[in-house]
2 protein chains.
Amino acid sequence: MNDSNPALDLVLQSALLWSTMVKKADQQLSVHGISFSEFCILHRLFQAPQQRMSRIELANSVGLSASGITRLLQPMEKIHLVEKEQNARDARVSLVKLSDTGLQIYQEANQSCAFFASQFTSPLTARQLETLAELLARL
Amino acid sequence: MNDSNPALDLVLQSALLWSTMVKKADQQLSVHGISFSEFCILHRLFQAPQQRMSRIELANSVGLSASGITRLLQPMEKIHLVEKEQNARDARVSLVKLSDTGLQIYQEANQSCAFFASQFTSPLTARQLETLAELLARL
DNA sequence: AGCATATACTTGCAAGCTCAAGCATTAATC
DNA sequence: GATTAATGCTTGAGCTTGCAAGTATATGCT
């Protein structure tokens, strides 16, 4: 009757884990006035060469749709966390660039988020953390 | 400059991974007319003693808020996947019970979801899957 | 050059979820 | 026994996101 299925169990287990994790991260980041999604954006931009990316690249890198990016970026532009730039070669793409204030907010938020992350993963040893990351990277 | 932080990387990596995973699972389940959230509900009910739970328990077990459960369950009651029952001891709680048709849909959907899950985890060996589940269980 | 197709967005609409507030019921305290 | 607090749930308002459709630009084919 109860044909336990490890793969299915894993999927359900992690879905629950992930949803609670994001909620907690959101809470931690709220003091900086940004959401977890916004932090992901800033993080990707920070990592990008010249801290600038196309919106589509950005969408893929954080797992959102193109329209999701458009709407998420609108308020971020308004408060000048990011800037809109045009691509000289291709007039379709509009680049997103991390602004100075965006960089500052990112660095502050990064502290909070890093603290949260280390707290969240504290039940694991460094070695286990590494193993976990490795296994997840295969999926 | 690039002070790489394993814990933070893990959090960001898994956020992306799970969001794409849930989207794919939703797609797989759409042929049964239910969402991933709804499948989680059915799954928990199926596992529950007498296939019946209070709404708050259900909310916690799938990582939703109480109001989320209320709204998610409304259409499910309408198409008779679940039934509402009263608790004799406590008039506040209303129990949710898996119906016969709900059970049937669950079993069909379970096949799809199990297939998806095994496909999703196919890059991992059974041993690695076990390790992964074990590590996630600690978080 | 001209037309079809693909790409990079943006926008209208709808779904799914949360938070805050409210209601009903139960438990706890005096 | 009455009052206060806690619990279980529902509802209104609002946020975030996705999908489908639309626009603008680029690319490829002939």
Side-chain angles (χ1 to χ4, degrees), chain A residues 15-16 18-30 33-42 52-79 81-97, chain B residues 15-16 18-30 33-42 52-79 81-97:
Chain A
L16 175 55
W18 168 84
S19 85
T20 62
M21 184 190 76
V22 171
K23 278 171 207 156
K24 283 182 193 165
D26 259 322
Q27 233 172 347
Q28 286 279 326
L29 287 168
S30 68
I34 64 176
S35 67
F36 183 67
S37 291
E38 287 169 329
F39 177 74
C40 290
I41 297 284
L42 294 179
R52 132 180 18 194
M53 282 174 97
S54 92
R55 292 159 119 80
I56 292 287
E57 275 182 293
L58 206 46
N60 294 332
S61 75
V62 300
L64 289 182
S65 67
S67 57
I69 287 291
T70 295
R71 293 196 223 269
L72 191 51
L73 250 39
Q74 264 163 8
M76 293 177 78
E77 280 167 15
K78 260 188 194 133
I79 58 175
L81 294 180
V82 298
E83 289 157 6
K84 202 175 202 165
E85 290 185 356
Q86 298 228 329
N87 184 333
R89 306 255 175 135
D90 190 335
R92 288 171 305 180
V93 326
S94 68
L95 297 171
V96 190
K97 184 173 188 297
Chain B
L16 174 55
W18 302 139
S19 87
T20 63
M21 185 192 76
V22 170
K23 277 170 208 158
K24 283 183 192 166
D26 258 322
Q27 234 173 349
Q28 287 278 324
L29 287 168
S30 68
I34 64 175
S35 67
F36 183 68
S37 290
E38 286 168 330
F39 177 74
C40 291
I41 297 284
L42 295 179
R52 135 181 15 196
M53 282 174 96
S54 92
R55 293 160 116 79
I56 292 285
E57 275 182 292
L58 204 47
N60 294 332
S61 75
V62 299
L64 288 183
S65 66
S67 56
I69 287 291
T70 295
R71 294 196 221 271
L72 192 50
L73 248 40
Q74 265 163 7
M76 293 178 77
E77 279 168 14
K78 259 186 195 137
I79 58 176
L81 294 180
V82 298
E83 288 157 6
K84 202 175 202 165
E85 291 186 354
Q86 298 228 328
N87 185 334
R89 305 253 174 136
D90 189 336
R92 289 170 304 180
V93 326
S94 69
L95 297 171
V96 190
K97 185 173 187 299

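Sequence lines set the chain letters: A, B, ... in the order given, protein chains first and strands last, and positions in each chain run from 1. None of the values given here were measured: they were computed from a predicted structure.
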**Study point:** Residue-phosphate contact under 4.0 Å: B:Lys84 side-chain N/O, D:dT10 OP1/OP2
**Key:** yes
From CG of B:Asp90 across to P of C:dC23 the rounded distance in Å is 20 Å
Result for side chain to side chain contact (heavy atoms under 4.5 Å, CB included) between A:Leu64 and one of A:Ile69, A:Thr70, A:Leu58 points to A:Ile69
request  = Pick base, sugar-phosphate or nothing for B:Gly68, based on heavy-atom distances below 4.0 Å to the nucleic acid.
outcome  = base
With a 3.5 Å cut-off and heavy atoms only, can you find an N or O donor on one side and an acceptor on the other between the side chain of A:Ser65 and the base of D:dC19?
no
Regarding A:Ser54, tell me which of base, sugar-phosphate or nothing describes its non-hydrogen contacts under 4.0 Å with the strands shown. sugar-phosphate
Rounded to whole Å, the CD-C1' distance (A:Gln27 to C:dC19) equals 12 Å
Polar side-chain atom of A:Glu38 near backbone of A:Ser35 as donor-acceptor pair, under 3.5 Å
yes
A:Ser67 has its side chain closest, among C:dC17, D:dG18, C:dA20, to D:dG18
A:Ile56 CD1 to C:dT10 C1', in whole Å, measures 11 Å
Rounded to whole Å, the CD-C1' distance (B:Glu77 to D:dT10) equals 12 Å
To the nearest angstrom, the CG-C1' distance between B:Asn87 and D:dC9 comes to 13 Å
Looking at A:Gln74, does any N or O in its side chain come under 4.0 Å of the phosphate oxygens OP1/OP2 on C:dT10? no
Side-chain contact check for A:Arg92: nearest option of D:dT17, C:dT7, C:dT26 is C:dT7
B:Ala91 has its side chain closest, among C:dT25, D:dG18, D:dG12, to C:dT25
Whole-Å distance, A:Leu73 CG to D:dC15 P, equals 18 Å
Between CZ of A:Arg55 and C1' of C:dT7 the distance, given in whole Å, is 15 Å
From CG of A:Leu58 across to P of C:dA8 the rounded distance in Å is 14 Å
Check every strand shown and say whether B:Ile69 touches a base, only sugar-phosphate, or nothing at a heavy-atom separation below 4.0 Å.
nothing
DNA chain D nearest-nucleotide lookup for A:Arg89 and A:Ala66: closer to the 5′ end is A:Ala66
| request: Using only side-chain N and O atoms of B:Ser37, determine if any of them is under 4.0 Å from OP1 or OP2 of C:dC17. | output: yes
Correct closest heavy-atom pair for A:Met76 and A:Leu72 would be CG-O, 3.5 Å
With the side chain defined as heavy atoms from C-beta on, A:Leu64 is closest, among C:dC17, D:dG12, D:dG18, to D:dG18
Heavy atoms of A:Leu29 and A:Phe36 approach each other most closely as CD1-CA, 3.7 Å
4.5 Å side-chain heavy-atom contact, A:Lys84 and A:Arg55
yes
